[in-house]
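Contents: one structure, followed by commentary.
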Amino acid sequence: MALRTLNAKNAGALDKDLMSIGAFSLDQLMELAGLSVSQAVYRVHPPSNGRKILVACGPGNNGGDGLVAARHLWHYGYQPTIFYPKQSKSDLYERLATQLKNLDVPFTEDFNGSLKTTDHVVDAIFGFSFSGEVRDPFKDPIIAMETTKVPVLSVDAPSSWSIEDGPPASGPGAKFHPATLISLTAPKPLVKHFTGTHFVGGRFIPQSVAEKYDLDIPDYQGVDQIAEIGGTGTEAKKEKVVGLAERQGYDVRESTIEAVHNALYSDLTSCRSLVESFIARIEAYNPTINAIITLNPNALSIADEKDYALAAGNATGALFCIPVLVKDNYDTSDMNTTGGCLDLANSQPTVDAAVVTALKNAGAIILGKTNLHELALEGLTVSSLGGQTVNPYDHTRTPGGSSGGTGAAVAASFAVFGTGTDTVNSLRSPASANSLFSVRPTRGLISRAGIIPISFTQDAIGPIARIVDDLAVALTVMASVGYDPDDNATALIPFSSVGQDYSAALYGGSLKGMRFGLVEGFFNRTASNETTPVNQVFNGVNATLTNAGATVVTITSNIFNSTAISNAFDTQRFEYRQEMDTYLSRASLQGTHPSTLAELYSSGKYLVIPSQYSYVDTSLVSSTDNITYAGIKLGIQNLTVALENTFKAHSLDALIYPEQANLVVKIGSPSQSGRNGILAAVTGFPVVTVPAGFSPSTADAPVGIPIGMEILGMPWTEARLLNTAKLIAEVKRVRRMPKGTEAAVESVRLGEVPKIVPDTRDIPRAYPVGIL
Ligand SMILES: NC(=O)C1=CN([C@@H]2O[C@H](COP(=O)(O)OP(=O)(O)OC[C@H]3O[C@@H](n4cnc5c(N)ncnc54)[C@H](OP(=O)(O)O)[C@@H]3O)[C@@H](O)[C@H]2O)[C@@H](O)CC1
Ligand SMILES: [K+]
């Protein structure tokens, strides 16, 4: 909203009216002005950004506002220092100065010296009665504020600017552009030259006075004395500055929960700067990677709330201020939940998925939603709404899938971690293809309530992260939902796993004496550019584990044949329609959306890859009443027993194998072959995926294409699996940043969260939209 402006003459007349007609005393007006200034400082520079505030006060009422603001700031926990070279002898000013001295607030005569150590500056030198060229003793301070990197907030006017015409053409102040301006009562004409963050303070103006001067009353919220208003400047509202996080040496690339918390709790960054830094990376690199479907429009205001909480000593939660991206098949009450499907573009859950609530309760900021293979049905991460997501390590290849948006986004440091779902491979394939860690938990450990479903038997959800420690924190939070009547698989959780802290499970120890079963049937031993790198990486894994004192047993049993398991035991086509019909017909799902799966697939607004036409067609006419379904469920029980027997026969701690026997395919391929996710999917056994290596470097893949390893354990052994994964990651440090997103990005101070529009122009022609 751009407000009408008030020229200098009218501003003076208005002040007089407030004192005569309005019956305010000057003390009161100045107190209200200073209070607004202090709130604006708190908004743009909460104490967590640094407590030292240098307040520069001029000889007139503008300077008086600065003195009042300094007193309020002291009470908020800041450490103000006052530069006040031309002190007024009037009673009001002497009292204001005495009030500050009574609080032991220091006064300085050395503006430039104080500037070197301060965290923020309040410019209360001149207001609407300034005219002409700046005279001493204020020339030097104005020149210093022109060039300093310390952010400046100007009171009523950037001092030295003409009230009507903005910055002087030359001399002191010609290049003075403060980051923030607070206009008192109403903006002055100079604001058309101002491009930073702009507040108005004046929540006391009577309606009659506002009408007389034709003023707009801004939309004040709650108990705020100030309101932020849109850009009136010649440029966009967004001001390009070096973000605080970067400026103060905090870099969000490869950041971890612990690193973010250390930075926040030691005042190196604010939650808001942190969120802005991640958004800067998204704005820089998402146009290439296309991993994001939507950003949370509230992310910045949520970050501000976290900063208030931090300042008040209320920073609680294992994920306090941790930006998290969730796959767009997780219900979010503040963002549409689309599954990447055009026909669900406006589908709006009114209730968060159970795990989304858990993440929020733990303090996480849901930064946005990621692209996925449409409705999580395959592993190429292409969708009618989200387009094709690109692997950040090799822009000619897919990022794996179906949680490929999360995989690519986490690899590119768009967030600290992300979430995915897994019906066959979908948490493990993107982890594998992006040099990341993921956990597919034992069936039942994490409630699936509020997740777009496919298969009651096979669906699982979990986190994807850059380090095991973050995976453990995220799993602890996601599993904290515990028993959930909306997902009765959670009734399976054994007492020993209820409320488990998986971070505490990372106790260390050693790989020495551990026994791993290397599943020979899950490799493709035919030499090719797509398979040989995987086989070579696993030769290396075998050697590393053996050198670390573990025993690697080759498992040759013929039950370990992914194609055969898939053909015999995959339950999806029997369960999909029933599950989706239930999801789509819930009263809590609002917005516009189909109410059955059949309706969705008759809309023409969907993408199914040709290799899945028959799967979807079959799903539309099959159900769990089919006689074959009962046989499949029985077969899965037999497979489960055989799997348990394998563990017993070889005294195994875990089975290990490549998530995929082939590298991730080129974009536009008919499908992804060689995946081994089906074993855990049908048996419900847990898997932690870890980076195992890279294929050789090529022009398209400068650091190589990531190759991942599944570590599969017995049910409910997530704690031990995570510790094993951490031990392996310690002896075999694999993860590297993708080349294309490796560079740091200068962050941008944002007035609002930018809108991200997914790019659907590059959907490969091989996957026509609306055809089945
Ligand atoms: N409306 C509201 O809600 C309320 C508004 N209030 C506030 O009052 C502000 C207006 O205050 P104001 O009128 O006292 O004058 P202000 O701008 O502070 O300073 C001017 C002084 O600076 C000097 N000076 C001038 N030119 C110069 C130059 N070229 N080079 C060097 N010096 C120069 C000159 O002093 P001199 O040198 O002549 O002694 C002059 O006296 C207004 O912007 C707002 O902040 C609140 O406090 C109350 C509620
Ligand atoms: K000023």
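Each ligand, and each atom within it, is numbered from 1 in the order the structure gives.
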Side-chain donor-acceptor pairs under 3.5 Å in residues 54-68, sequence neighbours left out?
| from | atom 1 | to | atom 2 | distance (Å) |
| --- | --- | --- | --- | --- |
| Asn61 | OD1 | Tyr93 | OH | 2.6 |
| Asn62 | OD1 | Ile125 | N | 3.3 |
| Asn62 | ND2 | Val155 | O | 3.0 |

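Atom CD of Glu31 is separated from atom CG of Leu26 by 11.0 Å, given to the nearest 0.5 angstrom. A distance of 9.0 Å separates CD in Glu752 from CG in Leu300, rounded to the nearest 0.5 Å.
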Step-by-step salt bridge (Lys or Arg N to Asp or Glu O under 4.0 Å) determination, Asp110 to Lys116: CA-CA 10 Å; Asp110 177 10; Lys116 288 196 185 102; over 6 Å; no
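For Val155, the nearest N, O or S atom to the K ion (ligand 2) falls under 3.4 Å.
At distances below 3.5 Å, at least one donor-acceptor pair connects side-chain atoms of Asp216 with backbone N or O atoms of Arg4.
For Asp123, the N/O/S atom at the shortest distance from the K ion (ligand 2) is named O.
Computed with the K ion (ligand 2) at the centre, the Asn62 OD1 to Ala157 O angle is 150°, stated to 10 degrees. Expressed to the nearest 10°, the angle at the K ion (ligand 2) joining O in Phe126 with OG in Ser159 is 80°.
For ligand 1, the protein residues within 4.0 angstrom (heavy atoms only) are Asp15, Leu29, Met30, Pro59, Gly60, Asn61, Asn62, Asp65, Lys86, Phe126, Gly127, Phe128, Ser129, Phe130, Ser131, Glu133, Val134, Arg135, Asp156, Leu184, Thr185.
Salt-bridge formation is not detected for the pair Asp470/Arg466: no Lys NZ or Arg NE/NH1/NH2 atom is positioned less than 4.0 Å from an Asp or Glu carboxylate oxygen.
Tested against Leu153, the residues Ile53, Asp123, Val37, Leu181 include a single side chain to side chain contact (heavy atoms under 4.5 Å, CB included) partner, Val37.
Minimum heavy-atom separation, Ser154 to Phe176: OG-CZ, 3.7 Å.
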